[in-house]
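First the proteins, then the strands, lettered A, B, ... as listed; each starts at 1.
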Number of protein chains: 2
Amino acid sequence: MTTTEEPSARRGTRIRDAARTKAEILAVATEEFARAGYTGARVDEIAARMRTTKRMIYYYFGGKEQLFTAVLEHSYAEIRSKEQDLDVEHLDPVAAIRRLAELTFDHHEAHPDFIRLVSIENIHEAEHIAASQTLGSLNSPAIDVLRRILDAGRAQGAFSADVDAVDLHAMISSFCFFRVSNRHTFGALFGRDLTAASERERYRRMLGDMVIAYLTAPRHADQGPLTPDH
Amino acid sequence: MTTTEEPSARRGTRIRDAARTKAEILAVATEEFARAGYTGARVDEIAARMRTTKRMIYYYFGGKEQLFTAVLEHSYAEIRSKEQDLDVEHLDPVAAIRRLAELTFDHHEAHPDFIRLVSIENIHEAEHIAASQTLGSLNSPAIDVLRRILDAGRAQGAFSADVDAVDLHAMISSFCFFRVSNRHTFGALFGRDLTAASERERYRRMLGDMVIAYLTAPRHADQGPLTPDH
DNA sequence: TAGCTAATGTACGAAACGGTTCGTTAGTAA
DNA sequence: TTACTAACGAACCGTTTCGTACATTAGCTA
């Protein structure tokens with residue numbers, strides 16, 4: 001039993017490392033909050049799964065509430081930095097939109113814990129985002145990219161007019177988000193696993209087809225009364 | 001102070017009413033679970049807001065877990081009974097689809113508590129639906145209606161082929177669900193209230209346009225390689 | 001090398017929480 | 001009218017849970 005269980009646990013290496021401790025708390029807390037929700041998450045459980053004690057959570061973050069806010073900030077920062085890397089403006093508008101939608105699709109699928117955290121934050125009516133200074137009026141790079149692609153598409157007559165970037169982002173996000181967030185109830189009720197590997201390509205293509213169809217469909221300038229609000 | 005606070009609290013009326021008590025527990029529990037999530041909901045809080053005691057929750061339902069399951073069963077039963085009333089098959093397929101989508105849109109908007117309960121159940125990976133006998137393999141009337149409309153539309157050449165009813169239901173639901181479930185984080189991040197009354201008609205029309213555009217767009221039988229999975 | 005401070009561990013407390021025990025009463029049927 | 005049971009209320013109980021008080025030490029700096 002001479003094996004060291006952790007590289008940093010060897011004698012001679014410094015045991016104190018504020019940055020590492022803080023980072024580990026965040027990582028473990030992210031898992032625990034995503035697993036059990038804000039109220040369901042246990043501070044003692046987070047403490048048990050890290051190499052330091054509960055005391056450190058209060059030392060570095062202040063409390064459960066601020067820890068959750070920090071987890072959200074960290075998670076959002078991660079996705080935003082990936083959105084920064086988007087490089088689709090060299091493509092023609094139709095291909096660029098499809099590519100952007102697929103990137104969102106891929107990202108949501110790859111980060112189910114992030115989806116859960118966002119669902120949880122919505123249950124709490126975004127109160128932690130509201131309390132955060134860094135998350136408050138945060139402009140998403142994705143919206144800017146989207147806006148430019150839409151402008152280009154309209155300029156060359158490929159897209160119908162008056163489609164707003166934020167609205168289109170909502171449309172794309174809703175499909176990608178729902179597929180992950182609601183996969184359990186949807187699966188239980190309709191007997192279909194929206195995130196099954198075998199269905200993946202079909203849904204990915206469906207998303208692109210849907211968005212492109214919406215953008216390129218001839219828009220009825222005035223098509224008379226729609227189905228009335230019943 | 002001779003005013004009776006509750007009609008049923010008058011002398012002479014019977015105080016014992018199992019059905020009423022059970023119904024009130026369910027009603028109050030629905031609010032509390034939707035407000036705070038499963039773990040966040042407090043049994044004592046539910047008890048405090050009803051005209052009976054905590055004891056009755058355990059008497060009628062057994063415990064917190066079974067109470068939540070009962071709340072889910074009751075909520076799903078409500079929406080399903082409304083779906084039964086759908087009467088759109090007399091319309092032409094395009095109008096029928098739009099009408100169906102708008103009904104989903106309206107229902108989601110009118111029942112934010114139900115949306116919250118479903119979000120909460122997804123955080124818990126649909127374990128209560130799985131444990132329920134009535135919710136288990138429940139076939140939704142909406143899917144059947146959708147299937148018939150799609151068949152009719154294909155038969156008369158209005159819709160492109162190979163669009164599955166369950167998939168289309170997922171598409172419609174995702175937009176309607178996301179708009180309600182994620183309105184808080186979306187509003188905080190992008191500064192737009194998806195459920196603002198002033199935006200309502202626009203989103204309602206956008207949903208219909210999106211679905212119809214997808215269904216009627218010329219489907220590329222083979223359009224070559226799509227954007228690859230990066 | 002002495003001393004200072006950031007960083008960490010231990011142990012515990014008070015309140016909240018889900019659930020239960022025990023007794024009581026309204027309504028009803030014989 | 002009595003006796004029985006479904007329906008109900010009050011008080012409580014053990015555990016969990018967030019948070020803190022207090023002690024300790026690693027590592028840097030004068």
**Student:** Can we say B:D164 and A:R202 salt-bridge, meaning some charged N sits less than 4.0 Å from an Asp/Glu carboxylate O?
**Tutor:** no

**Student:** Answer yes when B:E24 and B:R20 have at least one side-chain N-carboxylate O distance shorter than 4.0 Å, and no when they do not.
**Tutor:** yes

**Student:** I need the CZ-P distance between A:R16 and D:dA26, as an integer number of Å.
**Tutor:** 7 Å

**Student:** Distance check needed: D:dA10 C1' versus B:M50 CE, whole Å only.
**Tutor:** 14 Å

**Student:** For DNA chain C, determine which residues of residues 59-69 of chain A have any heavy atom closer than 4.0 angstrom to one of its atoms, and list them numerically.
**Tutor:** A:Y59, A:Y60

**Student:** Specify whether A:H169 and B:F190 have parallel, tilted or perpendicular ring planes, treating 30° as the upper limit for parallel and 60° as the lower limit for perpendicular.
**Tutor:** perpendicular

**Student:** Using side chain to side chain donor-acceptor pair (under 3.5 Å) as the criterion, point out the one residue from B:H108, B:E199, B:E109 that pairs with B:R179.
**Tutor:** B:E109

**Student:** Taking NZ, NE, NH1 and NH2 as the nitrogens, is one of them in B:K54 or B:D44 under 4.0 Å from a carboxylate oxygen of the other?
**Tutor:** yes

**Student:** From C-beta outward on A:R55, which listed nucleotide comes closest to its side chain: C:dT24, D:dG9, C:dT10?
**Tutor:** C:dT10

**Student:** What is the separation between atom CE on A:M56 and atom P on D:dG19, rounded to the nearest whole Å?
**Tutor:** 15 Å

**Student:** Heavy atoms only, 4.0 Å cut-off, all strands: where does B:T52 land among base, sugar-phosphate and nothing?
**Tutor:** sugar-phosphate

**Student:** Using whole Å, what does the distance between atom C1' of nucleotide C:dC17 and atom CD1 of B:I57 come to?
**Tutor:** 13 Å

**Student:** Can you measure B:R20 atom CZ to D:dA7 atom C1' for me and round it to whole angstrom units?
**Tutor:** 13 Å

**Student:** side-chain contact (heavy atoms from CB on, under 4.5 Å) with B:H111: which residues, sequence neighbours excluded?
**Tutor:** B:K82, B:H107, B:F114

**Student:** Using the closest heavy atom to pick a nucleotide of DNA chain D for each, name whichever of B:K54 or B:K22 lands nearer the 5' end.
**Tutor:** B:K22

**Student:** Quick one: do A:R192 and B:D167 make a salt bridge, cutoff under 4.0 Å?
**Tutor:** yes

**Student:** Taking B:R148 first and then B:E89, would you say they form a salt bridge - that is, a charged N and a carboxylate O separated by under 4.0 Å?
**Tutor:** yes

**Student:** By a strict heavy-atom criterion of less than 4.0 Å, which residues belonging to residues 32-48 of chain B are in contact with DNA chain C?
**Tutor:** B:A41, B:R42, B:V43, B:D44

**Student:** Of the nucleotides C:dG9, D:dA7, C:dT20, which one has an atom closest to the side chain of B:Y58?
**Tutor:** C:dT20

**Student:** For the rings on B:F178 and A:F178, is their centre-to-centre separation under 6.0 Å?
**Tutor:** no

